[in-house]
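Structure record follows, encoded as structure tokens.
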Amino acid sequence: MFENAPDLLTRRQAQELLAIGKNTMLNLIHEGYLPAMIIANSYRIKKTDLIDFIEKTSATYR
């Protein structure tokens, strides 16, 4: 699923991979569920952090 994704994703790329809206993505970042850094005034999310988030979230709903 993420083989072709870059190692450092923009907020928009990450939210498209999660199929969620901008507000939901920003809430996940601001509430600390998804680690992000700011580079050049834009959020960047490590691909590994996004994968970890998905694994933790899916484990919650099993």
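Reckoned from all heavy atoms, side chains included, excluding hydrogens, waters and symmetry mates.
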Item to check | Close side-chain approach of Y43 and L26, heavy atoms under 4.5 Å | outcome: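 Yes, at least one pair of side-chain atoms sits under 4.5 Å.
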Item to check | Pairwise side chain to side chain donor-acceptor pair (under 3.5 Å) hits with a residue in residues 11-21, at least two apart | outcome: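 Qualifying pairs, neighbours excluded: T10-Q13, R11-Q15.
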Next on the checklist: Does anything in residues 29-47 form a salt bridge (charged side-chain N to carboxylate O under 4.0 Å, His left out)? List the pairs, not counting sequence neighbours.
Outcome noted: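 Qualifying pairs, neighbours excluded: D7-K47.
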Next on the checklist: For a quick test of reading the model, state the closest non-hydrogen atom pair linking L34 to D49 and the distance between them.
Outcome noted: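 For L34 versus D49, the nearest heavy atoms are CD1-O, 3.9 Å.
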Checklist entry - Looking only at heavy atoms, what is the nearest atom pair of I29 and A36, with distance? => result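 I29 and A36 have their closest heavy atoms at CG2-CB, 3.8 Å.
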Item to check | L9 reachable from Y33 in the ILVMFWY side-chain graph, under 4.5 Å edges | outcome: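 Cluster IDs for Y33 and L9 match.
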Checklist entry - Going hydrophobic residue to hydrophobic residue with side-chain gaps under 4.5 angstrom, can you get from I38 over to M25? => result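 Yes, one cluster joins them.
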Item to check | Nearest-0.5 Å distance, CD1 of residue I51 to CG of residue L17 | outcome: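 It is 9.5 Å, given to the nearest 0.5 Å.
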Item to check | Reported CD1-to-CG distance for the pair I39 and L8, which is rounded to 0.5 angstrom | outcome: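 Nearest 0.5 Å value for the CD1-CG distance: 5.0 Å.
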Checklist entry - So, S58 side chain and I54 main chain: donor-acceptor pair closer than 3.5 Å or not? => result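 Between the backbone of I54 and the side chain of S58 there is a qualifying donor-acceptor contact (under 3.5 Å).
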Checklist entry - Could you walk me through whether L28 and F53 pass the side-chain contact (heavy atoms from CB on, under 4.5 Å) check? => result CA-CA 10 Å; L28 290 173; F53 169 77; 3.8 Å; yes
